[in-house]
Amino acid sequence: MTVSPYIDPKRRKPAGIKVDRIAPGSIAASYGVQQGDILKSINGNPVNTKEQAIDWVKGNPNLPEYVVVFERLGKEFTKTYRPPPRRNR
């Protein structure tokens, strides 16, 4: 999946990250993420860069789920992602 910063055209400020390309059969695709979707927040935390999203998830590895707000065609919707169980090493 490739993403780019999304700038709200009305406010002219960062307002999420836009999904530019998504691989068929990928985990994100299996959760219904589509090209053009805008990822707005994870568990209520605004996300404006790919690095913010990655850092937030890596910084909260033990959460049982992540509630992600997206925008698609001007309408917001929420998806809940449950990561696979962590393996003991």
Side-chain angles (χ1 to χ4, degrees):
M1 178 167 71
T2 58
V3 298
S4 60
Y6 173 74
I7 305 298
D8 183 306
K10 292 179 183 173
R11 295 182 4 208
R12 297 183 183 176
K13 293 186 178 186
I17 52 177
K18 183 176 180 183
V19 177
D20 296 320
R21 190 177 70 81
I22 190 158
S26 66
I27 292 171
S30 73
Y31 276 107
V33 177
Q34 298 178 12
Q35 182 175 333
D37 285 353
I38 301 164
L39 190 158
K40 310 279 273 188
S41 67
I42 303 172
N43 287 28
N45 298 281
V47 174
N48 293 315
T49 67
K50 179 179 178 179
E51 292 76 20
Q52 279 181 325
I54 291 169
D55 289 348
W56 196 91
V57 171
K58 283 184 175 181
N60 296 279
N62 296 317
L63 292 178
E65 62 185 26
Y66 301 100
V67 178
V68 182
V69 175
F70 287 96
E71 181 179 315
R72 180 181 296 155
L73 302 174
K75 296 185 180 187
E76 285 192 359
F77 64 98
T78 302
K79 290 274 191 177
T80 300
Y81 299 96
R82 290 175 183 83
R86 296 182 72 179
R87 293 184 279 186
N88 294 333
R89 294 184 184 217

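All figures in this text were calculated on a predicted structure; none of them were measured in a lab.
Partners of Lys18 under the side-chain hydrogen bond (donor to acceptor under 3.5 Å, both in side chains) rule, at least two apart in sequence or in another chain, do not exist in this structure. By the side-chain contact (heavy atoms from CB on, under 4.5 Å) test, Arg11 pairs with Asp8, Lys13, sequence neighbours left out. With sequence neighbours excluded, no residue satisfies ring-ring contact (aromatic ring centres under 6.0 Å, His included) with Tyr6. Judged as a side-chain hydrogen bond (donor to acceptor under 3.5 Å, both in side chains), and not counting sequence neighbours, the contacts of Glu65 are Arg82. Asn43 pairs by the side-chain hydrogen bond (donor to acceptor under 3.5 Å, both in side chains) definition with nothing, not counting sequence neighbours. Remark: Ser4 engages Asp20 in a side-chain hydrogen bond (donor to acceptor under 3.5 Å, both in side chains) (not counting sequence neighbours).
Within the hydrophobic cluster formed by Ile, Leu, Val, Met, Phe, Trp and Tyr side chains joined at under 4.5 Å, directly or through other members, Ile42 is accompanied by Met1, Val3, Ile17, Val19, Ile22, Ile27, Tyr31, Val33, Leu39, Val47, Trp56, Val57, Leu63, Tyr66, Val68, Phe70, Phe77, Tyr81. Hydrophobic cluster of Ile7: no remaining members, since no ILVMFWY side chain lies below 4.5 Å from it. Under the 4.5 angstrom side-chain criterion for Ile, Leu, Val, Met, Phe, Trp and Tyr, Ile54 has no cluster partners at all.
When all heavy atoms are compared, the tightest approach of Ala29 to Gly25 is CB-N, 4.1 Å.
Legend: salt bridge (charged side-chain N to carboxylate O under 4.0 Å, His left out) pairs involving residues 22-32, not counting sequence neighbours: none detected. Pairs engaging residues 36-60 under the salt bridge (charged side-chain N to carboxylate O under 4.0 Å, His left out) rule: Asp37-Arg72, Lys40-Glu71 [sequence neighbours left out].
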